[in-house]
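Worksheet: the structure to be examined is printed underneath.
Only this structure's heavy atoms are used, side chains among them; waters, hydrogens and symmetry mates stay out. Atoms within a ligand are numbered from 1 in the order they appear, just like the ligands themselves.
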Amino acid sequence: MKIEKAFVEIKINNLKKVYPGGYEALKGVNLTISEGMFGLLGPNGAGKSTLMRILVTLMNPSEGEVLLNGKDLVKQRKEVREMLGYLPQDFRFFAKMKTWEFLDYSARLAGMRSRKERMARVDEMLGSVGLYEFRNRMANKLSGGMKRRLGIAQALIGEPKIIIVDEPTTGLDPEERIRFRNLLSNIGQGDTIIILSTHIVGDISSTCNQMALLNKGELAFTGSPEQLIEMTKGHVWQIEATQEQYDELKVKYPVISTIPSGSGWELQLVGDNVEAYDPQPVYPNLEHAYVYFMEYKLNNWSL
Ligand code: ADP
């Protein structure tokens with residue numbers, strides 16, 4: 001017997017979006033996303049939300065196409081929507097609904113007709129996002145982190161193949177951030193695609209096996225976080241500097257960190273051919289890589 005492996009893929013071909021008024025927010029994006037966690041990283045205004053809104057069929061592209069498992073996002077909207085779960089950035093709950101009632105409502109919206117099945121699924125989801133003991137609490141009375149988890153539960157309740165989360169950790173405290181990331185990466189183990197769109201490097205590093213950098217409507221990089229880090233090797237430096245040296249260096253190179261050291265500073269900065277004050281090479285992390293590519297290379301610091 002032939003066993004067919006479940007397969008999920010998003011193909012984005014030459015995607016453009018021009019807003020009324022003429023602003024070109026996406027300038028011909030080409031991207032293939034396969035199973036696992038995908039991180040879309042870029043500064044505010046890069047076009048991330050525009051791309052997310054197109055992917056979840058809330059907005060049509062101006063040009064180009066998106067295929068989700070071969071189905072065209074514009075022409076086969078109904079089929080596409082059945083594959084999607086979406087957690088928008090500014091997710092709001094209806095007042096006067098208990099936590100379980102809200103999920104039950106979401107399950108009905110996702111097309112689950114049988115009450116018995118819905119109840120079982122609601123309990124399962126409450127358990128997996130750690131909200132079972134709060135099931136009778138009013139949804140709008142949950143803490144910020146719990147609301148985010150309830151948001152994920154509603155996005156997942158219809159068992160979507162593709163889950164899109166916009167700015168996943170906005171407004172969460174550090175402990176909630178970690179919890180939320182762990183929850184997402186557990187889901188990401190299955191045959192689903194999870195897209196995280198964020199301007200926070202830390203949202204990407206620990207969880208994503210694929211990523212892209214978006215800048216001014218264009219992709220600056222696609223690949224794995226490890227590949228991006230590899231490309232940054234040899235461009236990150238640590239320097240012991242006096243205040244005067246620091247003042248001089250910070251106009252030449254993006255400085256990533258400063259720690260007081262003696263009467264001066266221990267600096268980490270990125271740049272090509274850094275020739276100053278005994279620079280020591282530093283093994284890059286994703287944050288270094290982000291600053292090197294998005295600030296140093298794209299903003300032409302080296303010119
Ligand atoms: P990001 O999510 O990366 O912060 P957005 O996709 O929200 O970026 O925005 C990209 C650019 O498109 C920004 O310059 C923004 O001002 C512009 N933009 C977003 N929405 C609209 C709109 N409805 N009309 C006109 N311009 C818009």
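- For ligand 1 and Ala46, the ligand atoms under 4.0 Å from any heavy atom of the residue are 1 (P), 3 (O), 8 (O).
- Shown here are the side-chain contact (heavy atoms from CB on, under 4.5 Å) partners of Glu79, two or more places apart in sequence or in another chain: Lys71, Gln76.
- Near Thr50, meaning under 4.0 Å from any of its heavy atoms, are these atoms of ligand 1: 5 (P), 6 (O), 9 (O).
- Residue Ala25 has at least one heavy-atom neighbour below 4.0 Å for each of these atoms of ligand 1: 12 (O).
- Distances from atom 16 (O) of ligand 1 to the protein include no heavy-atom value under 4.0 Å.
- At a heavy-atom distance under 4.0 Å, only backbone atoms of Pro43 (N, CA, C or O) approach ligand 1.
- For atom 7 (O) of ligand 1, the nearest protein heavy atom (residue, atom name, distance) is Ser49 CB, 3.6 Å.
- No donor-acceptor distance shorter than 3.5 angstrom exists from the side chain of Lys98 to the backbone of Ala139, with no hydrogens or angles considered.
- A salt bridge (charged side-chain N to carboxylate O under 4.0 Å, His left out) with Asp104 holds for exactly one of Lys116, Arg121, Arg115, Arg118; it is Arg118.
- Put simply, part of Arg53 is less than 4.0 Å from ligand 1, judged by heavy atoms.
- Within a 4.0 Å radius of atom 25 (C) of ligand 1, the protein contributes at least one heavy atom.
- One side chain, Asp278 or Gln280, offers a donor N or O that lies under 3.5 Å from an acceptor on the other.
- Near Asn44, with a cut-off below 4.0 Å to any heavy atom, the atoms of ligand 1 are 4 (O).
- A donor-acceptor contact shorter than 3.5 Å is absent between the side chain of Asn215 and the backbone of Ala220.
- Checked against the 6.0 Å centroid criterion, the rings of Tyr19 and Tyr23 do not qualify as a close aromatic pair.
- Between the side chain of Arg53 and the backbone N or O of Leu58 there is no donor-acceptor pair closer than 3.5 Å.
- At a 3.5 angstrom cut-off on N or O pairs, Pro20 does not count as close to ligand 1.
- Residue contact check: Lys48 has heavy atoms under 4.0 Å from atoms 1 (P), 2 (O), 3 (O), 4 (O), 6 (O), 8 (O) of ligand 1.
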